[in-house]
Amino acid sequence: MTMGEPIVPRIGVFVCHCGINIGGIVDVPSVVEYAEKLPGVVYAEDNLYSCSSDGLNKLKEGIKQHNLNRVVVASCTPRTHESLFQDACEEAGLNKYLFEMANIRDQCSWVHMHEPEAATEKAKGLVRMAVAKARLLEPQEEPEIDINPTSLVIGGGISGLTSALSLSEQGFKVHLVEKQPELGGMLLQLEKLFPSDRDSMELLRPRIDSARSNPNIELHTTSKVKSVKGFIGNFDVEIESQEGDVKKLNVGTIIVATGAENLEPVGLYGYGEDERVITQLQLEKMFKDGSLEGVRTVVMIQCVGSRNEERPYCSRVCCNEAVKNALLLLKESGTRREVYILYRDLQTYGTHYSSMEWDAKKQGVKLIKYQAERPPEVISERDAVIVNVYSPLLDEEMSLRSDLVVLSTPLIPTEDAKELSQLLKVPLNSDGFFMEAHVKLRPIDFATDGIYLCGTAHSPKDVSESISQALGVASRAAIPMARGRLRTAAITAEVDESKCSGCGTCIELCPYNAITKDEREIARITSAVCKGCGVCGASCPERAITMHHFTDEQLGAEGLAALGRVDD
Amino acid sequence: MKSVLVIGGGIAGIQASLDLADRGIKVHLVEKTPSIGGVMAQLDKTFPTLDCSMCILAPKMIECFRHPNITLHTLSEVSKVTGSAGDFYVNILEKARYVDASKCTGCGLCSEKCPVRLPSEFQAGMGTRKAIYMPFPQAVPLVACIDSEHCLYFQKGVCRVCEKLCPAVAIDYEQQPREVEVNVSSIIAATGFETYNPQEIGEYGYGRYKNVLTALEFERLICASGPTGGKLERPSDAKISHRIAFVQCVGSRDHRVGVPYCSSICCMYATKEAVLIKEHDPESAVTVFYIDLKVFGQGFQDFVERARDDWGVRYIRGRPGEIREHPFTKDLTIWYENTDTGKVSKTEVDLVVLCTAMVPRPENKELADVLGVELDEYGFLKAQDPLSNPIETNIPGIYVCGCCHGPRDIPESITEASGAVAKAAELIVKVADGGEG
């Protein structure tokens, strides 16, 4: 860091039109003109798209030509574009922390699209703030860390097995933790797998055998993760067996593949009261046991406990499971069977499930739509279960006498998902499933570096999709492990030891467990763990904590600029 | 260490390339069109979060361009493949751009002055481009190319305006196509899909009625970077459309025309487009005609509920029987049976959007021949075993990801792309250990 010697800021401002996304509302040339006059600014220009390769070249040329030592880009959101501009700065020889961004798209042209003049004024204000902060920016060093090329896979179902096997094939060591005594997960309970009508064990057996015999995979069955400390490349994990033995592991990456559970629909449609009312999972078991003899008429009810107020999500697999089991019921019986599926919207998506749907229709499976506001009614009689359902298509109340009623219930988060999410400090979504970093572009990463997600722990999905995700995380987790070393962000907190009173407030509040007390009772921050959230800095009663890149001085200058003050 | 070949520069191919490159494996990324980006680059927003599509895609495109481990081959095709897993020899045919990529700065002056105006592929035919053009402003690489089939110089020997104007002296009419051979360990096919042309469904009038659009055309119409700047000016008279209907399953789930399968994404993108209309003008009347609402993905049901309850989008269960155009106003009347009530009704709208099926690319046949991989009954590339092995093909060392092997959404395509990289990396380790290859 260059402390002491005063640096005269030479700031360049690049204002982006974003085509007409910004330029159609905000008067970009007038923002450029305004920026040119701000103290410290020596150069300003506008770009059609600052993020295009042409725009980035202009930025780099600008840095060289005008000898810039600070750069401000006024464009879109740093969430998607900051690193791009920072990299361009680095390529032009400027430390990437000497860059600042003003979001004049989301915060100006988008939200004030009907007030172009006010939007332009606000854009000037945001540029003024960014420039004020940029004047005080300092270069930062990014520490490099080593990555232990070992992965922890939590969950020994089809997802966890697939990830573990792929990682080991890629040359990494894997610890596979499974809470049950047996590997295999949910698939152990299923009979045939759609869409290809294959026995689930045919899929599982070779994978379980490979995992058992693979020298790169260490199995820990009947075990659970007890504690997790550390950060990408260097996680210290404790796992505890059922007997209470605790093992300590060090791993570089962690994969969550803990799966889901099936909802037990107690109290719905007579489940639990009449043993002829069962779930699809129980039907799978009856297939396995061969105990379906004498069953002539089967009625399946979809969306039992899902797509409602309590559980608003669609469980994705149940329609396809129902169609598959309906086909199996027809195929299995030598005699004639009647199978009805009462559904709301049939979720037979993609080429394979669609062809299964057509097949079911051809084979005579009866698909009856019901309306959510008029669900079917199940009445137990001595020699039959009566299902009454209103068909809007026929505008008719139908009464079906059945031997078996099969409820299609959703996959729900596992009981211990919450506990694990707290151990790993990764979020769950509102349905209680683990939540990825970005629903579109980072579907299998967590926002926390070095932790990844696959299978039904993320959301309901079928076997094939779980396998794809499991292979996907085997690539994502391998990236840092293959590289061996990683640069971490420099935006971290630092304690001024002369001011710290050792009160421990920051330790209590840190959401990442990054702060401990040293032998002098003074707070110490592990910078590789620190995410730079700023909670400690904001709460320190002695003002002993500085946030790099967000110092009090920098934020103060930004705030004053927001109020219109531009000091030289 | 050997490289990996990625065919297709859409979001799946981009993700595969970046995953490979980030872990230190060299990549040859082959893209048929002048720019990477694929269909995702054409979308306005993405469901269900309404992220601006280009805004989240562009940084990845640029990353591909700048990554030292990635070699981009645009306007290129794979012409020949020999060898086997771990040791493929691939011929890449790079077509002539007629512009020197090392000199072109992407300033756009040539396009501005070119006298030939043609329908723009990027704008799904809703806008125009010139005979010398960059497909879109964020194109990667940002290098112009000449469409020699329409260029006046190539066709009639006249003009050469671009050559005179180019400040970088980058125009090169003599440029020749070039064939390069690369040696790769494995091949990832990520060639994507195209959308069904609904012209054969005569009762919907696509191609005859100007105000009947496909969803991809509508995507350009509502996009701020589209031909109308995001204003919903309908094609017949540039009147702003306030009454808009979406028709689901156009060419999907149909045995008579199109394809029998559900295209997986249409219910959600229609809902997205419906919400975008409401964001533009909350007073608009937006109707979605559907058969089954496919809400099977994470957050989808919630998204439909928000569209219906918070934004007032009307969902009607039923496949419209016919659309008729008023001869003077060009307004459209939709005849339909509401299968929730059994009633036959009609409704008048300004604009109809047909949510067309995702279908395989016709050139899959050629690619399958070159690679030796099988196609499925519809013409998609075929995974060896869709259940247990959704990424490997019948040829060891050749993998598939994204919509080239069936309809799927963006996160699924991205996930599979990473999955294909895991398989490619396994193979590299295996060969290095002296396993096979």
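The chains referred to below are lettered A, B, ... by the order of the sequence lines, with proteins before strands, and numbering in each begins at 1.
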Which bit of [X] comes within less than 4.5 Å of chain A, counting heavy atoms only: side chain, backbone, both or neither?
X: B/Leu142; answer: both
X: B/Ile428; answer: neither
X: B/Glu377; answer: neither
X: B/Asp51; answer: side chain
X: B/Cys401; answer: neither
X: B/Phe47; answer: both
X: B/Met40; answer: side chain
X: B/Arg253; answer: both
X: B/Thr49; answer: side chain
X: B/Glu337; answer: neither

Please determine, among [options], the option with the most heavy-atom pairs under 4.5 Å with chain B.
options: A/Glu202, A/Arg344, A/Glu436; answer: A/Glu436
options: A/Asp87, A/Thr351, A/Asp395, A/Leu84; answer: A/Thr351
options: A/Val473, A/Asp431, A/Asn429, A/Ile467; answer: A/Ile467
options: A/Ile444, A/Leu56, A/Leu346; answer: A/Leu346
options: A/Asp54, A/Leu441, A/Thr162; answer: A/Leu441

Salt-bridge criterion met for B/Arg66 and A/Glu90 (N-O under 4.0 Å)
no
Looking at residues at least two apart in the chain, or sitting in another chain, which of them share a disulfide (SG to SG under 2.5 Å) with B/Cys249?
none
Should B/Leu427 and A/Glu169 be marked as a side chain to side chain contact (heavy atoms under 4.5 Å, CB included) after you check the CA-CA gap, both sets of side-chain angles, and the distance that decides it?
CA-CA 8 Å; B/Leu427 181 65; A/Glu169 292 291 320; over 6 Å; no
Only heavy atoms, only distances under 4.5 angstrom. Which residues in residues 292-300 of chain B are near chain A?
B/Asp292, B/Leu293, B/Lys294, B/Val295, B/Phe296, B/Gly297, B/Gln298
Heavy-atom pair count under 4.5 Å with chain A, highest-scoring of [options]:
options: B/Ala425, B/Cys267, B/Pro407, B/Cys262; answer: B/Cys262
options: B/Lys60, B/Glu63, B/His255; answer: B/His255
options: B/Pro260, B/Ala139, B/Gly24; answer: B/Pro260

Side-chain donor/acceptor of [X] to backbone N/O of [Y], under 3.5 Å:
X: B/Ser388; Y: A/Leu203; value: no
X: B/Ser264; Y: A/Gly350; value: yes
X: A/Ser464; Y: B/Pro386; value: yes
X: A/Arg476; Y: B/Ser418; value: no

Need one label for A/Ser459: side chain, backbone, both or neither, based on atoms under 4.5 Å from any heavy atom in chain B.
side chain
What do the steps show when you test B/Asp385 against A/Arg198 for salt bridge (charged side-chain N to carboxylate O under 4.0 Å, His left out), and what is the final call?
CA-CA 11 Å; B/Asp385 175 352; A/Arg198 287 226 307 272; 2.9 Å; yes
The single option from B/Lys423, B/Glu426, B/Arg23 passing side chain to side chain donor-acceptor pair (under 3.5 Å) against A/Gln170:
B/Arg23
Under 6.0 Å from the NZ atom of A/Lys361, do we count more than 12 heavy atoms belonging to anything else shown?
yes
